[in-house]
Amino acid sequence: MWRVLDGLNEPQQEAVLYGDGPLVVFAGAGSGKTRVITHRVAHLIRERDVAPWRILAVTFTNKAAGEMRERLAQLVPGGSRGLVVGTFHAMCARLLRKHSEAIGIRRDFTIYDDADQQALLKRVMRDLDVDTKRFPPRQISQTIQRAKQEMQEVADRDDLSGYYKDVAAKVADEYESRKERAGAMDFGDLIYRLVLALEKDDELRKEVSGRFRHILVDEFQDTNHSQLRLVHALASVHGNLTVVGDDDQSIYRWRGADRRNILDFRKSYPSAHIVKLEQNYRSSARILRAAHAVISRNTDREPKELWTEKAAGERIFVVGTEDERQEAQLVVRGVEELRAKGEPLDSIAVLYRINAQSRVIEERLLAEDIPYRIVGGVRFYDRAEIKDLLAYLRVLMNPADDVSLLRILNKPTRGIGKTTISRLLDLAAETGVGVWDAMEAAHKDGRFSKGVVRKLDAFRRLMEKLQERATLPLPDLGGLVLDETGYLAMLKAENTPESDARQQNLAELVGSMGEFDARTENATLTQFLEEVTLQSAIDAEDMEEARVTLMTVHSAKGLEFPTVMVTGMEEGMFPFVRQGNMGEDPEELAEERRLAYVAYTRAEDRLILSYARMRRIFNRVEVGTPSRFVLDLPEEDTTWIGDRPSRARRASAAPAYRPDPWDMPQAPPKRKRPPREVDSYIDYSEGSDLGIVEGTRVWHPKFGHGRVTEVRHGMVPPRVAVRFEDGRTKVIQSDRLEPG
DNA sequence: AGAACGGGGCTTTTT
DNA sequence: GCCCCGTTCT
């Protein structure tokens with residue numbers, strides 16, 4: 001038999017060999033999903049004579065796209081040239097530019113990232129006199145993005161209350177027209193606008209869809225509605241659509257991902273063939289049993305169960321600790337023990353639910369001098385100096401880009417201060433032009449003094465001068481901008497360790513411009529800016545030293561480690577319950593469960609779970625009971641270290657410890673609450689009751705008097721719903737309340 | 001123009 | 001605890 005099928009199990013072969021038409025592959029964790037996709041592509045090219053450029057493979061991240069390209073290069077040496085592998089966003093940007101004329105947009109549009117979008121939105125809201133306290137820009141921004149994801153107008157959303165909707169729709173309209181005028185697209189637009197165009201224009205759809213003969217989409221459970229519609233449109237001519245994913249690993253509902261897209265694939269394509277990959281090549285049998293024990297308690301999932309030929313392996317450890325510091329200590333001790341046994345540090349991952357948990361662990365690792373790396377955190381392209389240089393370049397390419405222009409107008413300072421900028425914005429708003437044009441119009445406007453006009457002119461001349469050189473090789477242009485604008489001089493003058501680091505970062509960016517120039521034929525500034533905006537982090541990982549990896553469970557998706565430690569396994573932490581939330585939304589809980597499933601299935605040989613009885617987080621103390629995701633584990637596969645809840649308690653999953661909310665130190669008048677002596681108010685005895693029931697009259701320092709309408713014991717301190725005298729009902733942690 | 005202060009908020013994160 | 005934002009102070 002031929003190499004493409006070597007080492008593939010039966011369902012994998014089935015997925016690779018399946019002929020034309022729609023195909024959905026449910027690929028459980030560690031079941032060889034990427035192998036199937038790459039081998040299928042290789043099969044199409046080598047056995048079925050499909051031209052590489054007629055195949056489109058879509059992923060979510062650049063990293064995934066890169067890996068796929070790499071593995072294909074091995075499978076089809078030299079033969080995959082022309083194959084289109086890319087993220088949804090990169091692919092859409094390319095198509096929008098290519099068909100800009102037919103779609104009616106400018107070809108060299110700027111792409112606004114979330115920060116740019118937010119900046120523009122805030123300005124719009126200020127101009128429209130919208131109170132940003134009542135309508136947080138973050139929320140409005142989410143509303144706008146969500147609408148695009150659902151292929152709707154904000155005004156047509158029926159999940160928004162009337163008044164909020166009116167305001168949001170008004171803001172959205174103005175935001176859209178300003179963005180248009182600035183010649184920019186936000187992330188949501190890239191997909192939304194292309195789908196609109198493809199659905200409206202039959203000609204265009206046929207052309208674009210006809211170009212590809214086969215479409216493969218990875219991580220299909222993470223697609224949102226607009227992406228689904230895009231895929232429909234792209235496959236409309238031929239229907240050769242392969243989607244691969246795992247509904248159990250869908251953990252991005254909060255950003256629009258819809259599991260129904262994969263679960264209901266057959267509703268769109270009734271003839272779709274289904275393949276399930278259930279053999280796992282990653283984890284020990286015990287780990288798989290643990291993962292199954294957690295995920296199988298979710299309803300509404302595609303039935304499947306991972307199995308393995310591997311041995312049972314080590315038991316799963318569950319470690320109970322006093323607090324987060326002790327937890328960190330035990331994590332580090334575990335790392336040291338494993339290291340002493342000869343296990344390399346890069347085989348160990350420490351996972352947590354939220355980033356805020358990392359600090360304590362880091363401190364401990366630092367203290368013990370154990371090398372570690374943190375995945376996530378500040379991204380290279382999010383650094384201020386990087387964004388500044390990119391903003392200069394964007395303005396050179398597109399002076400109408402107000403967001404970028406305002407960013408750099410007075411950086412380094414050139415005497416164009418707050419007053420001048422706000423006058424410019426006024427003038428721009430009055431005359432309906434962008435800031436660049438307003439700078440010109442300032443000549444004939446009484447509000448601008450001679451001196452100010454001169455400064456504005458100097459800036460415009462500077463930019464125009466640079467524009468003339470915009471065809472220089474990219475790295476030369478980058479260096480020129482840094483010199484001519486005085487940006488580099490500003491950093492040099494600062495002469496601090498931070499400014500040195502910034503210069504280094506800029507040098508790195510200029511270096512990457514050179515690298516881009518070298519590997520791209522006819523590299524243009526537009527192309528470079530697009531790549532950079534659609535890319536999250538620089539992948540230059542220094543691998544010279546083995547390190548422990550720290551990251552959130554979300555970041556760990558797709559990765560695997562011999563040893564995985566998951567920290568913070570407490571009710572309220574994992575499953576996480578937001579402040580002001582009762583924590584009982586079944587959809588949210590189901591997603592937390594999937595997240596736990598993702599966490600557990602990262603482990604190959606060893607899974608260690610830890611929880612803390614109390615945890616200081618967000619500067620408050622939470623008292624935790626072991627997470628339901630720990631209590632769900634099969635007894636014969638787990639070893640409890642330290643506190644182990646009784647069988648009865650585990651069965652009921654009731655909170656083990658309850659504080660008495662009334663028995664806490666009174667805040668002295670006029671001063672903030674003193675740091676609490678936690679031990680003094682927590683009642684560890686099991687039977688202690690809450691003393692707070694439905695109907696209890698309570699008092700809250702901010703909201704005043706009210707009456708308890710609901711108590712939720714799932715977590716400690718319990719969440720309590722209170723109806724206050726002004727008629728508002730709020731969900732509050734009971735330890736924030738006093739009797740009254 | 002830039003530091004210094006105070007308030008409020010706070011999951012997860014890609015593109 | 002920490003970060004972001006806006007405002008005020010110097």
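Labels below follow one simple rule: chain letters A, B, ... track the order of the sequence lines, proteins then strands, and each chain is numbered from 1. Scope of the values below: all heavy atoms of this structure, side chains included, with no hydrogens, waters or symmetry mates.
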Problem - Closest-nucleotide 5' rank along DNA chain B - winner of A:Gly417 and A:Glu588 - result: A:Gly417
Problem - d(CZ, A:Arg414; C1', B:dG2) in whole Å - result: 17 Å
Exercise for the section: Check every strand shown and say whether A:Lys122 touches a base, only sugar-phosphate, or nothing at a heavy-atom separation below 4.0 Å. Expected result: sugar-phosphate
Practice task
Calculate the interatomic distance between A:Asp218 atom CG and B:dT14 atom C1'; express it in whole Å.
Solution key: 14 Å
Exercise for the section: Using a cut-off of strictly less than 4.0 Å, decide whether A:Asn224 has a side-chain nitrogen or oxygen near OP1 or OP2 of B:dT14. Expected result: no
Exercise for the section: Would you indicate what A:Glu592 reaches in the nucleic acid, counting non-hydrogen atoms under 4.0 angstrom: base, sugar-phosphate, or nothing? Expected result: base
Problem - Rounded distance (Å) that lies between atom P of B:dT12 and atom CG of A:Leu589 - result: 18 Å
Practice task
Would you mind reading off the distance between A:Leu194 atom CG and B:dT15 atom C1', rounded to a whole angstrom?
Solution key: 15 Å
Handout entry: Below 4.0 Å: OP1/OP2 of B:dT13 and any side-chain N or O of A:Thr552
Key = yes
Problem - Same-atom distance (C1') from C:dG6 to B:dT11, integer angstrom - result: 25 Å
Exercise for the section: Ignoring backbone atoms, test whether A:Asn355 places a side-chain nitrogen or oxygen under 4.0 Å from the OP1 or OP2 oxygen of B:dT11. Expected result: no
Handout entry: Nearest-Å distance once atom C1' is located in both B:dT12 and C:dC5
Key = 23 Å
Problem - A:Cys92 and its side chain to side chain contact (heavy atoms under 4.5 Å, CB included) partner, picked from A:Asp189, A:Leu534, A:Leu190 - result: A:Leu190
Exercise for the section: Determine, for A:Phe109 and A:Arg106, whether the Lys NZ or Arg CZ falls below 6.0 Å from the six-membered ring centre while staying within 45 degrees of the axis. Expected result: no
Handout entry: Euclidean distance, atom CZ of residue A:Arg126 to atom P of C:dG6 [Å, nearest integer]
Key = 7 Å
Exercise for the section: Look at all strands and tell whether A:Arg359 reaches a base, only sugar-phosphate, or nothing, counting heavy atoms closer than 4.0 Å. Expected result: sugar-phosphate
Practice task
Choose from B:dG2, B:dT11, B:dT13 the nucleotide whose nearest atom is closest to any side-chain atom of A:Thr413.
Solution key: B:dG2
Practice task
Under 4.0 Å between any heavy atoms, over every strand shown, what does A:Phe60 touch: base, sugar-phosphate, or nothing? Just pick one.
Solution key: sugar-phosphate
Handout entry: Given DNA chain B, 5'-ward residue of the pair A:His89 and A:Arg138, judged by closest heavy atom
Key = A:Arg138
Exercise for the section: Indicate whether OP1 or OP2 belonging to B:dT13 is found under 4.0 Å from a side-chain N or O atom of A:Ser555. Expected result: yes
Exercise for the section: Could you say whether the aromatic ring of A:Trp254 and the base of B:dT12 stack, counting only centre distances under 5.5 Å and plane angles under 30°? Expected result: yes
Exercise for the section: Measure the acute angle between the ring planes of A:Phe528 and A:Phe516, then classify it against the limits of 30° and 60° as parallel, tilted or perpendicular. Expected result: perpendicular
Problem - Rounded distance in Å between the P positions of C:dC4 and B:dT13 - result: 15 Å
Practice task
Find out whether A:Thr526 and A:Arg97 are in side-chain contact, i.e. whether some heavy atom of one side chain is under 4.5 Å from a heavy atom of the other.
Solution key: yes
Practice task
Under 4.0 Å between any heavy atoms, over every strand shown, what does A:Asp222 touch: base, sugar-phosphate, or nothing? Just pick one.
Solution key: nothing
Exercise for the section: Would you indicate which nucleotide in B:dT15, B:dT14, B:dT12 comes nearest to any side-chain atom of A:His554? Expected result: B:dT12
Handout entry: Nearest-angstrom distance from the residue atom NZ of A:Lys557 to P of B:dT15
Key = 12 Å
Handout entry: Closest heavy-atom pair and its distance - A:Arg615, A:Glu570
Key = NH2-OE2, 2.7 Å
Handout entry: Pair A:Glu324 + A:Arg616: basic N to acidic O under 4.0 Å
Key = no
Fill in the blank from the handout: A:Gln117 atom CD is separated from B:dT14 atom P, nearest whole Å, by 17 Å
Practice task
Please report, rounded to the nearest Å, how far the C1' atom of C:dC2 is from the CD atom of A:Glu363.
Solution key: 12 Å
Problem - Nucleotide nearest A:Tyr252 when distance is taken to its side chain, options B:dT13, B:dT15, B:dT11 - result: B:dT13
